[in-house]
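Read the structure below first, then the notes.
Not measured: the values here are computed from a predicted model. Counting convention: from 1, in listed order, for ligands and their atoms alike.
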Amino acid sequence: MGGLYEKLVEYGRSDFYPYHMPGHKRNMKGQPLEEYYNIDITEIDGFDNLHQADGILLECEKRINRLYGSDETFFLINGSTAGILSAVSCVVETGGKILIVRNCHKSVYHAAYLRNCEIGYLYPKLSDRFEIAMGVSSEDVRQRLETEEGIAAVVITSPTYEGIISDVEKIVETVHNYRIPVIVDEAHGAHLGFSEKFPESAVSAGADLVIHSLHKTLPSPTQTALLHVSGNLVDRNRLRRYLSIYQSSSPSYPLMAGMELCFDIIEKDKEKLFNRMYEYWEEMLGKLEQCQVFRIMRRQDIVQEGMKDFDVGKLVISTIATKWSGQQLYDILLHKYHLQLEMAADSYVLAMFTIMDTKEGYERLTKAILELDRQAERKSCITAKNAGVKNTCPEISCKLTEAMDGEKEWVNLMESRGRTAADFVNLYPPGIPVIVPGEIYDEEIISRIRDFRRHKLTIQGLNEKMEVICTAAGGRTRS
Ligand SMILES: Cc1ncc(COP(=O)(O)O)c(C=O)c1O
């Protein structure tokens, strides 16, 4: 069992009296979460300091680092968000330019905002069959780097929220020809590379900075994540500085022990656990072949679209050919079958599987989907709109920072055509913006947001009165 966890437990049972934080003083006997409080300490003697690790925390980081094989690995206790903010801030100067995929997570945009970056976009193409954003190709990246001056770094997301994996190795090779670093938001891929049956990780593909949310796909507590750094394009001291700016100065020891325990499980039983997951997964996909109207995303669909791979663990069930919206299917699965999925978009739902899922978990969803597939009515004419990316590139009127920091006002969505967004609008989850501050509302964006509302999806950035935040016309400010 993990050295940190054991040491915390032992300390909790000792007679050392705490004249220090946290305020609960490990004196919560009989309270809910008593065990948790007993190991919740601060940076006391013998327990190291995450922001200057040279003891037990450094040992934990090194142990985890050996499993992934990067040059150095840092614990993140504020999620991948903190890793992305730090990585981007580290490689781009204030006002510098970054090239990012348009369907990246909000945290990448927030990093760009904080650094007042100029943003260049890579627009992933939409899958013909699923209308879901794919990844990016090395050729797209090469063309942009060839024609645009001053790009300081490239940020890609792989796997995407829906599990699409780009050819990270080729992208890294291309970008390194320009002597600039690649940041891979691999928040959804902390489990990659632990078995031959799974795609390789961006760390093995040579990416300079890779961010993993442990809590998303491995048995680790919420908020736990890792940042890996490799190569000589990234200034490590600068990276450490940003990590200590964006992360709490009081990192949670239970969270760090949770990360260590997660890798105890993996080190001990990696082969068995990943093989079992793969076996259950294959069996489920085999049975779901029987679906007549639901479309199940598979590896071959993704490869046909020119992408490298598809994540084992992301089940995308498309309702595109049925009369149901994604939200309707999600609601039926929730209320009738008591199956809580990860998210609903307008034309699909997403379920996530990890090494901790039981056979029952696979079987219940498979059974429900097959049953519902027999009930779902086929749509005669198939039209669906994607939740993350539009087909055309939206026009941009000003920088993200300018739009976010300037005067703003609420504008009715129906009257927003031609207006500049001053805030993000996105479905949550996944937190991928439909419109980014500085972009101009057009008919396509407006109609997509209206569709989201019609389908009762969870939208951030749109209020109950169907208003969105735009830059102020004529200097009025109401937001
Ligand atoms: C692609 C992607 N990147 C980054 C994040 C942020 O991760 P965290 O919640 O660990 O901060 C998310 C969260 O959903 C995400 O989907």
Quick test of your reading: applying salt bridge (charged side-chain N to carboxylate O under 4.0 Å, His left out), list the pairs with at least one residue in [range], sequence neighbours left out, ordered by first then second residue.
| range | result |
| --- | --- |
| residues 230-242 | Asp71-Arg236, Glu72-Arg236, Glu72-Arg240, Glu93-Arg238 |
| residues 132-144 | Glu139-Arg142, Arg144-Glu148 |
| residues 298-318 | Lys125-Glu305, Arg129-Asp301, Glu289-Arg298, Arg299-Asp309 |

A quick test of your reading: do over 12 heavy atoms of other residues, nucleotides or ligands sit less than 6.0 Å from NZ of Lys170?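 Check fails, neighbour count at 12 or below.
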Is Asp451 salt-bridged to Arg448, cutoff N-O under 4.0 Å?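 Here Asp451 does not pair with Arg448 in a salt bridge, since their nearest N and O are not under 4.0 Å apart.
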Do the charged groups of Glu61 and Arg66 touch, with an N to O distance under 4.0 Å?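 Salt bridge: no.
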Which protein residues have a heavy atom closer than 4.0 Å to any atom of ligand 1, listed by chain and number?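 Around ligand 1, where the cutoff is 4.0 Å for heavy atoms, the contacting residues are Gly79, Ser80, Thr81, Ile84, His105, Thr157, Tyr161, Asp185, Ala187, His188, Ser213, His215, Lys216.
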